[in-house]
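All remarks here apply to the structure that follows.
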Amino acid sequence: MTETRLRFPPSPTGYLHIGGARTALYNWLFAKKTGGKLILRIEDTDAERSTEESINGILDGLKWLGIDWDEGPYFQTRFSDDHLAAARKLLDQGNAYKCFCTKEVLDAKREAALAAKQNLGYDGTCRHLKPAEVRAKEEAGIPFVVRFRVPERQGTLGYDDKVLGRIECDYREVDDFVIVRSNGKPLYLLCNVVDDIRDKISHIIRGQDHMTNTTRQVLLYEALGAPLPVFAHIPLTLDTKKAKISKRSHGEIVAVHFYREHGFIPWAFNNFLALLGWSPGNDREIFTRQEMIEAFTLERINKSSSIFNFRKDDPKFFTDPKAIAINEHYLRTMAIEEIGELVRQELEEAGLWNQEYAGEKRQWYLKTLDLIRERFHTLKDFATLGRAYFAEDFRIEDKPLQKNVLKFPELQDWLPALADRYARMDEFSAEEAERLARELAEEKDVKPGVIINGMRTVVTGQLAGPSMIEVLTAIGRDRVVQRLRRTGELF
RNA sequence: GUCCUCAUCGUCUAGUCAGGUCCAGGACACCGGCCUUUCACGCCGGCAACACCGGUUCAAAUCCGGUUGGGGACGCCA
């Protein structure tokens, strides 16, 4: 069997969004699974909308996700000679013709058709122009586009789709489409096919929004004398109102960089994305890279589109709850050393990183992460909710402050007193520290919870957290004593 | 308007090709309980779906037809 060759061809007109990322992921998975190659091709033929910034954004997004490619990035505009040669060939073969209809006229016709609820396609005005007429118009300097001449055949054309099965369409339904602009620049439908032929692409995995393009491109392959690749049209991701997600209407929430900035673990996000339109056929949902590569097949991609279930302005779930759940799963189960690396980046960004965490304090660092990761949702939480473990300038949240501290003014005396007892201990052990706390509660005739919860608030700033014993050892005697002694400042 | 296409819990989905093992399984979310003098994790339990109508068949989520609903495309964008 010859090598499988896949491609991911983003147009650099904006950031990488989750739909594109998922398409890239599926291509990547299939390439890896079949031992093939993934080609990255930047389709920048739309000069007006393509930007350098966007190219970098897409590359960064893919790198963050860990989707690597074997060839490229190629830039489509570098191959315009190939595209124009193909257009020339089609023109010479009679598979294409020059069309002198102006954009204004076509737009007007389209608008009229839309208003009259008529068919929208090109009416073929220039299709039957005689050679002499063409020559005359050319000599008169009238600009023209090159249109593909859809064969006049009975019956249907189509292709076998790996996801959807046989797709067919009547020849009469396909309008003559433009392959070269009037400014001489080739268009997507043509460029895409020419590049795929040159790059020897064997499998095209792309969104279902390309289905009508594929129908037309099938004709291009035939006219260019090239074999058809395997097509797999994957379902689209829609928003909760079942509209196609787009950068324009949804903004940041559908951007890959949003998830990087919100502390997602890259592979966890891939794992979520993969499940949006694919399943292994059993109840398995969590996969390592290797496991997913092995499990992935085109046949198991879903036919129907899925909904990206983010709820705008939801305080608890800032994106699809399942995405967060999967991220949490990885956060709790990944090897602590790996988490350590990811959190290191967060701490560095927040200015909380201490080089000793990689050296003599490494054990403490990893143990602390392991202690606090249980109730976190994203990598960001280590630097925010977990700030008290790494710095002194942590904020005491208002809710626990009210509930656990201010409600008991006596704590102003009790907690510093407890701090003194801690300071006097020969050896600071968790068990003994807890015993002393309970002893104090008994002396003052209050429930231990008053002391313990007050202490948690003062020491960590949080309403919730690991058991107090563990917190004490993680933060360490010196810092605990210091913080308890300053309880009065909170009143 | 035309063409293409899809249809199982709120969401992601298993089951559909090879009809019976499915009064439909898992996950997320939600609700309740256990654990925990915090909160979570974990564990246990609960809620919740075969779009509709016909046909084929001893038997239909599964096959066929239609209806309805959803999505996509119809650019000198990609």
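Labels below follow one simple rule: chain letters A, B, ... track the order of the sequence lines, proteins then strands, and each chain is numbered from 1. Treat the numbers as computed from the prediction; the structure is a model and nothing was measured.
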_Residues that A:Glu111 engages under side-chain hydrogen bond (donor to acceptor under 3.5 Å, both in side chains), provided they are two or more places apart_ = none

*Non-hydrogen atoms of A:Ala86 and A:Val194 that approach each other most closely*: CB-CG2, 3.5 Å

*Residue-phosphate contact under 4.0 Å: A:Arg300 side-chain N/O, B:A14 OP1/OP2*: yes

*asked:* Run the salt bridge (charged side-chain N to carboxylate O under 4.0 Å, His left out) test against A:Arg373 and tell me which residues pass, sequence neighbours left out.
replied: A:Asp370

*May I ask you to say what A:Leu120 touches in the nucleic acid, namely base, sugar-phosphate or nothing, with a heavy-atom cut-off under 4.0 Å?*
base

_Who pairs with B:U2 - Watson-Crick or G-U, where each distance is under 3.5 Å_ = B:A73

*Watson-Crick or G-U counterpart of B:C28, or none if no pair lies under 3.5 Å*: B:G10

*Does A:Val178 have any side chain to side chain contact (heavy atoms under 4.5 Å, CB included) partners at least two apart in sequence or in another chain, and if so, which?*
A:Val145, A:Arg147, A:Leu187

*Where do A:Phe30 and A:Trp278 land on the ring pair (Phe, Tyr, Trp, His ring centres under 6.0 Å) test, with the steps shown first?*
CA-CA 13 Å; A:Phe30 191 71; A:Trp278 172 84; over 10 Å; no

*Would you mind classifying the nucleic acid contact of A:Pro400 as base, sugar-phosphate or nothing, using non-hydrogen atoms under 4.0 angstrom?*
nothing

*Considering every strand shown, what is the Watson-Crick or G-U wobble mate of B:A48 when both distances are under 3.5 Å?*
none

_Whole angstroms only, please: what is the CG-P distance between A:Asp209 and B:A78?_
14 Å

*Under a 4.0 Å heavy-atom cut-off, which of residues 449-462 of chain A touch RNA chain B?*
A:Asn453, A:Arg456

*Under the side-chain hydrogen bond (donor to acceptor under 3.5 Å, both in side chains) rule, collect the residues that match up with A:Gln118, sequence neighbours excluded.*
none

*asked:* Below the 4.0 Å mark, does B:C77 have OP1 or OP2 next to a side-chain nitrogen or oxygen of A:Arg181?
replied: yes

_Students often mix this up, so state it plainly: with edges at 30° and 60°, are the rings of A:Phe231 and A:Tyr221 parallel, tilted or perpendicular?_
perpendicular

*If the P atom of B:G65 is compared with that of B:C41, how far apart are they to the nearest Å?*
48 Å

*asked:* Enumerate the salt bridge (Lys or Arg N to Asp or Glu O under 4.0 Å) contacts for residues 185-199 of chain A, please, sequence neighbours excluded, ordered by first and then second residue.
replied: A:Arg7-A:Asp196, A:Arg41-A:Asp195, A:Arg41-A:Asp196, A:Arg41-A:Asp199, A:Asp82-A:Arg198, A:Asp195-A:Arg198

*Heavy-atom check, side chain of A:Ile451 versus side chain of A:Leu418, under 4.5 Å*: yes

*Counting Watson-Crick and G-U wobble pairs only, both distances under 3.5 Å, name the nucleotide matched with B:C63, or none.*
B:G55

*Tell me what A:Val178 touches on the nucleic acid: a base, only sugar-phosphate, or nothing, going by heavy atoms under 4.0 Å.*
sugar-phosphate

*Check every strand shown and say whether A:Asp46 touches a base, only sugar-phosphate, or nothing at a heavy-atom separation below 4.0 Å.*
sugar-phosphate

*Taking atom P of B:C6 as reference, at what distance in whole Å does atom CD1 of A:Ile234 sit?*
16 Å

_So, using side-chain hydrogen bond (donor to acceptor under 3.5 Å, both in side chains) as the criterion, who are the partners of A:Thr487 when residues are at least two apart?_
none

*Base, sugar-phosphate, or nothing for A:Gly207, non-hydrogen atoms under 4.0 angstrom?*
nothing

*Go through the N and O atoms of the side chain of A:Arg375 and the base of B:C41, and report whether any donor-acceptor pair is under 3.5 Å.*
no

*Identify, between A:Phe100 and A:Leu275, the residue whose nearest nucleotide on RNA chain B lies closer to the 5' end.*
A:Leu275

*asked:* Taking the minimum atom-to-atom distance to the side chain of A:Asn309, which one of B:A78, B:C3, B:U11 wins?
replied: B:U11

_OP1 or OP2 of B:U2 versus the side-chain N and O atoms of A:Arg110: is any pair under 4.0 Å?_
no

Can you pull every protein N or O that's under 3.5 Å from an N or O on nucleotides 63-70 of chain B?
none

*With a 4.0 Å cut-off on heavy atoms, is A:Gln118 in touch with a base, just the backbone sugar-phosphate, or nothing at all?*
base

_Can you see if the side chain of A:Ser306 gets near the phosphate of B:C12 - specifically, an N or O under 4.0 Å from OP1 or OP2?_
no

_From CD1 of A:Ile301 over to P of B:U13, roughly how many Å is that when rounded to an integer?_
12 Å

*Distance, rounded to the nearest Å, where A:Phe231 contributes CZ and B:G72 contributes P*: 21 Å

*Looking only at atom P, what distance separates B:C63 and B:G20, rounded to whole Å?*
11 Å

*Would you indicate, yes or no, if B:A14 has its OP1 or OP2 atom less than 4.0 angstrom from a side-chain nitrogen or oxygen of A:Asn302?*
yes

*Give a yes or no on whether a donor-acceptor pair under 3.5 Å exists between the nucleobase atoms of B:C4, that is its base, and the side chain of A:Thr212.*
no

*For A:Gly281, which contact category applies under a 4.0 Å heavy-atom criterion: base, sugar-phosphate, or nothing?*
sugar-phosphate

_Categorize A:Thr45 for me: base, sugar-phosphate, or nothing, with a 4.0 angstrom heavy-atom threshold over every strand shown._
sugar-phosphate

*Hey, does the side-chain of A:Asn213 have a donor or acceptor N/O within less than 3.5 Å of a partner on the base of B:A78?*
yes

*So, do A:His210 and B:A73 meet the stacking rule of ring centres under 5.5 Å and planes under 30°?*
no

_On RNA chain B, does the nearest nucleotide to A:Glu168 precede the nearest nucleotide to A:Ala113 from the 5' side, or the other way round? Give the residue._
A:Ala113

*Applying side-chain hydrogen bond (donor to acceptor under 3.5 Å, both in side chains), name anything that partners A:Trp28, two or more places apart in sequence or on another chain.*
A:Asp68

_Distance check needed: B:U13 P versus A:Lys303 NZ, whole Å only._
14 Å

*In whole angstrom, give the distance that lies between atom OH of A:Tyr188 and atom C1' of B:C74.*
15 Å

*Would you mind building the protein contact string for nucleotides 27-33 of chain B? One character per nucleotide, 5' to 3', B for base within reach (heavy atoms under 4.0 Å), S for sugar-phosphate only, - for untouched.*
BSSS---

*So, A:His377 versus A:Glu328: side-chain donor-acceptor pair below 3.5 Å or not?*
yes

*Return the value, rounded to whole Å, for the distance between atom NZ of A:Lys185 and atom P of B:A78.*
12 Å

*B:C43 pairs with which nucleotide, Watson-Crick or G-U wobble, both distances below 3.5 Å?*
B:G33

*Is the shortest heavy-atom distance from the side chain of A:Trp414 to the side chain of A:Leu440 under 4.5 Å?*
yes

*How would you list all residue pairs meeting salt bridge (Lys or Arg N to Asp or Glu O under 4.0 Å) that involve residues 443-462 of chain A, not counting sequence neighbours?*
A:Arg421-A:Glu443

*Kindly state each residue pair satisfying ring pair (Phe, Tyr, Trp, His ring centres under 6.0 Å) with at least one member in residues 434-466 of chain A, sequence neighbours excluded.*
none

